[in-house]
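Taking it in order: structure first as structure tokens, then the write-up.
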Amino acid sequence: PALRADVVTIFPDYLAPLRLSLIGRAAQTGILDLAVHDLREWTHDRHRTVDDTPYGGGAGMVMRPEPWGEALGALVPPGTTPVPRLVVPTPAGRRFTQAVAVELAAEPHLVFACGRYEGIDARVAADAATRMRVDEISIGDYVLNGGEAAVLVVLEAVVRLLPGVVGNPESLTEESHAAEHDGLLEGPVYTKPPVWRGHEVPPVLLSGDHGAIGRWRREQALERTARVRPDLVPVPVAGRGLDGLT
Ligand SMILES: N#Cc1c(-c2ccc3ccn(Cc4ccc(CN5CCCC5)cc4)c3c2)n[nH]c1N
């Protein structure tokens with residue numbers, strides 16, 4: 001497979017959507033080798049305990065290191081090659097962006113550690129870092145209850161970049177946040193009918209004048225990016241084209 005992905009979580013059912021559609025097909029066609037594991041497999045007490053009170057006090061509970069140590073040891077036994085990358089979603093992680101998705105899509109093996117409660121005992125990532133690359137990532141500046149939703153987001157963004165997953169690879173470069181699109185947002189899209197509830201499709205798109213269409217689309221992308229995401233609009237660089245893009 002192009003990518004092997006192991007996900008460890010106390011809510012394996014939460015990852016069921018990965019069996020559907022795009023990612024499900026990638027798994028069936030052998031492009032993606034996905035395995036979801038229940039962390040409690042690596043507990044040994046009657047109550048299958050995965051959490052305990054935080055040292056130093058504070059609200060909530062912290063995930064115990066032992067089950068995680070055993071889970072990662074079982075999934076990545078010493079001597080495993082290629083050494084996987086451990087991806088740990090956390091509110092305190094580096095921002096997950098398209099560039100990070102491209103980076104992860106180049107990896108042969110990813111292991112995702114889904115935390116819950118107030119997070120995972122910090123020694124788990126520290127210990128793993130002695131054997132593999134550990135990436136603590138956040139999918140955005142909002143608070144979730146655990147890492148599972150982040151894994152759904154990250155795996156969708158990563159798997160769609162794998163060769164053979166998306167029918168039309170060209171669409172991968174023409175979309176928002178793709179480097180080839182200068183990181184601009186894409187403009188509006190239209191399909192038939194040419195008039196719908198009195199709303200016309202912009203005539204240039206029906207003109208067949210591909211030069212004009214290309215210019216119009218770029219203008220729309222720039223305008224929309226400036227309105228919705230001014231932070232993404234490239235600043236003109238001295239000595240380059242008028243709009244700083246060419
Ligand atoms: N990716 C991603 C994420 C997550 C995420 C990812 C993984 C886990 C594991 C547990 N939680 C719950 C939680 C929520 C808030 C806090 C902060 N503390 C609370 C009181 C003082 C600071 C700690 C844990 C997680 C949340 N949230 N938002 C993202 N973009």
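FYI, the numbering just counts along the sequence from 1. For clarity, every value in this text was computed on a predicted model and none was experimentally measured. When a ligand or atom number is given, it counts from 1 through the structure's own listing order.
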Under 3.5 Å donor-acceptor pairs involving side-chain atoms of residues 154-166, not counting sequence neighbours:
from: Arg160; atom 1: NH1; to: Glu175; atom 2: OE2; distance (Å): 2.7
from: Arg160; atom 1: NH2; to: Glu175; atom 2: OE1; distance (Å): 3.1
from: Arg160; atom 1: NH2; to: Glu175; atom 2: OE2; distance (Å): 3.4

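Under a cutoff of 6.0 Å and an axis angle of 45°, Arg116 and Tyr14 form a cation-pi pair.
Side-chain contact annotation: His44 with Glu70, donor-acceptor N/O pair under 3.5 Å present. One side chain, Glu148 or Thr9, offers a donor N or O that lies under 3.5 Å from an acceptor on the other.
Under a 4.0 Å heavy-atom criterion, Tyr117 is in contact with ligand 1. Contact analysis leaves Gly93 out of contact with ligand 1, as no non-hydrogen atom separation drops below 4.0 angstrom.
Counting protein heavy atoms only, atom 29 (C) of ligand 1 is closest to Tyr142 O, 3.4 Å. Distance from atom 15 (C) of ligand 1 to its nearest protein heavy atom, with residue and atom name: Val143 CG1, 3.6 Å. Pro91 CD, 3.5 Å is the protein heavy atom nearest to atom 5 (C) of ligand 1. At the shortest separation from atom 7 (C) of ligand 1 among protein heavy atoms lies Pro89 O, 3.3 Å.
Ligand 1 has an N or O atom lying under 3.5 Å from an N or O atom of Leu144, backbone or side chain. Looking at Gly140 next to ligand 1, an N or O pair under 3.5 Å apart turns up. Considering both main-chain and side-chain atoms, Arg116 never comes within under 3.5 Å of ligand 1 through any nitrogen or oxygen pair.
If you number the atoms of ligand 1 from 1 as listed, the ones under 4.0 Å from a heavy atom of Glu118 come out as 18 (N), 19 (C), 20 (C), 23 (C), 24 (C). Under a 4.0 Å criterion applied to the non-hydrogen atoms of Ala150, ligand 1 contributes the atoms 1 (N). Less than 4.0 angstrom separates some heavy atom of Ile137 from each of these atoms of ligand 1: 1 (N). Each of the atoms 1 (N), 2 (C), 30 (N) of ligand 1 lies under 4.0 Å from some heavy atom of Ile139.
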Asp33 and His109: side chain to side chain donor-acceptor pair (under 3.5 Å), yes or no, with the steps?
CA-CA 9 Å; Asp33 180 8; His109 186 190; over 6 Å; no
For a side chain to side chain contact (heavy atoms under 4.5 Å, CB included) check, start with the C-alpha distance between Val87 and Glu107, then their side-chain angles and the critical distance, and finish with the verdict.
CA-CA 11 Å; Val87 179; Glu107 291 287 333; over 6 Å; no
Given Leu86 and Leu72, is the side chain to side chain contact (heavy atoms under 4.5 Å, CB included) satisfied, shown in steps?
CA-CA 9 Å; Leu86 178 64; Leu72 297 178; 4.0 Å; yes
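A salt bridge links Arg133 with Glu103: the distance from a Lys NZ or Arg NE/NH1/NH2 to an Asp or Glu carboxylate oxygen falls below 4.0 Å. Ion pairing of Arg94 with Asp135 is present here, as a side-chain N (NZ or NE/NH1/NH2) and a carboxylate O approach within less than 4.0 Å.
Residue contacts with ligand 1, taken as heavy atom pairs separated by less than 4.0 Å, do not involve Asp141 at all.
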